[in-house]
2 protein chains.
Amino acid sequence: MEAHSLIKDAGLKLTPRRRAMIAHFSLSSGPLAPVELHERLKAEFPRCGLPGVYRNLEALADCGVLFRVAGFGRERRYALCSQPHHEEHHHHHIICISCGRVGQVEECLYQEGMMIDGFRLVGHLVQLRGVCAPCAVKESEGSG
Amino acid sequence: MEAHSLIKDAGLKLTPRRRAMIAHFSLSSGPLAPVELHERLKAEFPRCGLPGVYRNLEALADCGVLFRVAGFGRERRYALCSQPHHEEHHHHHIICISCGRVGQVEECLYQEGMMIDGFRLVGHLVQLRGVCAPCAVKESEGSG
DNA sequence: AACCTAAACAGAAAAAGTTTCTATTTAAGA
DNA sequence: TCTTAAATAGAAACTTTTTCTGTTTAGGTT
């Protein structure tokens, strides 16, 4: 599994807890907040506290397994990178508002150096929401 | 002043505190966090507490005078809309990383309905950083 | 100019979210 | 198996944010 080698390569350990966290993200429809993940982990790891969840979320985000989702107001949320990269590879994500599926956007419409409104672009944060193909099909079936 | 009519039109009151807040944002180079604004207000309003600052920041953001800046990690920050709109008008902002100047981006490269990575785009969060024209001039003068 | 009312205010308090710390346990390479 | 750096648990502290209550004020009206 790709995620596991990312962890190893970062010099981190593949612990039962981290395996479980990744599994929960795989099963989850949509990004998870630390408390939500904690809720789900408690069944299997009754002694697991929130601080540990925070630590692991950050560790997994740092090594590229997860990414930090913006655009949920002030909430902190994470989701699985669908195609994790080892390098600090610039890419964005699009999240299906219906099922939570994550798509990876390799080519951003905003590129460094572009002139925008008289400013030379040097950085950007983009978080997209959309409807994925399977959900679009379901939508049209439902209404048609 | 544009901001003042936005406040009135929203049925809100133009209080001395709000005038001062807007003035501080005008003077400030760059977006401000609630605590930072609170620090600056304390000189003039010694009895002003943080809760009041939060309340007013949200009120001013709701009526379009300020906007909530994304992309500062988990920090909450606000800045003045450079060209406030009455309508719930979709636009983004580009912030100069050197001086904090805010530019308004009316035409976003991402538009609803676009197909991206197999998803139909329905929403997006964009926060841009750049170098404004005056700062670009300073840059080239400094290095040349 | 005084009056009225909805809105803003102060301040305390609570709640929520997050980080830090120390001692103990564990994954995984040697 | 041994060793060690990393992960863990749990408490505690800390920061940020929200809620609540009673008091004051802006701004339209009489």
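Here the structure is a predicted model, which is why all the values come from computation and not from measurement.
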### Query
Could you give the CZ-to-P distance, from R18(A) to dA27(C), as a whole number of Å?
11 Å

### Query
With respect to the side chain of V35(A), which nucleotide from dG17(C), dT18(D), dA7(C) is positioned closest?
dG17(C)

#### Entry: Residue pair E106(B) / H91(B), side-chain donor-acceptor N/O under 3.5 Å
no

### Query
K42(A) has an atom NZ; how far is it from atom C1' of dA9(D), in whole Å?
15 Å

### C48(A) to R17(A) - nearest heavy-atom pair and separation
SG-NH1, 3.1 Å

### Task
Round to a whole Å and report the spacing from CG of L12(A) to C1' of dG29(C).
15 Å

### Query
Yes or no on side chain to side chain contact (heavy atoms under 4.5 Å, CB included) for Y78(B) and L60(B), after CA distance, side-chain angles and deciding distance?
CA-CA 10 Å; Y78(B) 299 80; L60(B) 293 178; over 6 Å; no

### Message
Please report the distance, rounded to the nearest Å, between CG in D62(B) and P in dA8(C).
### Response
11 Å

### Nucleotide-level pairing of DNA chain D, given in dot-bracket where Watson-Crick and G-U pairs need both distances under 3.5 Å and | marks other strands
||||||||||||||||||||||||||||||

### Message
For a side chain to side chain contact (heavy atoms under 4.5 Å, CB included) check, start with the C-alpha distance between S26(A) and L80(A), then their side-chain angles and the critical distance, and finish with the verdict.
### Response
CA-CA 7 Å; S26(A) 300; L80(A) 273 186; 3.5 Å; yes

#### Entry: Between P of dA28(C) and CG of D9(A), the distance in whole Å
13 Å

### Query
Nearest of dT8(D), dA12(C), dT17(D) to any side-chain atom of P51(B)?
dA12(C)

### Query
Please give, in whole Å, the distance from dT17(D) P to E75(B) CD?
9 Å

### Task
Side-chain contact test, heavy atoms from C-beta onward, threshold under 4.5 Å: evaluate it for V69(A) versus Q127(A) and give yes or no.
yes

### R76(B), nearest nucleotide to its side chain (from dT26(C), dT17(D), dT8(D))
dT17(D)

### Task
Mind telling me whether H93(A) and F67(A) have parallel, tilted or perpendicular rings, with 30° and 60° as the class edges?
parallel

#### Entry: Y110(A) side chain reached by L109(B) side chain, heavy atoms, under 4.5 Å
yes

### Query
Among dT16(D), dA27(C), dA10(C), which nucleotide sits nearest the side chain of R47(B)?
dA10(C)

### Message
Can you pull out the residues from residues 54-61 of chain B that lie within a 4.0 Å heavy-atom distance of DNA chain C?
### Response
R55(B), N56(B)

## Note on the structure
Of dG27(D), dC9(C), dA27(C), the nucleotide closest to the side chain of T15(A) is dA27(C)

### Task
Between G11(A) and P16(B), just flag the one whose closest nucleotide in DNA chain D comes earlier from the 5' side.
G11(A)

#### Entry: Nucleotide dT5(C), atom C1' - distance to NZ of K13(B) in whole Å
8 Å

### Task
Nearest whole angstrom, please: distance from the C1' of dG27(D) to the CD1 of I7(B).
14 Å

#### Entry: Aromatic ring proximity H92(A)/H124(A), centre distance under 6.0 Å
yes

### Task
Using a strict 4.0 Å threshold on nitrogen-to-oxygen distance, state whether R77(B) and E36(B) make a salt bridge.
yes

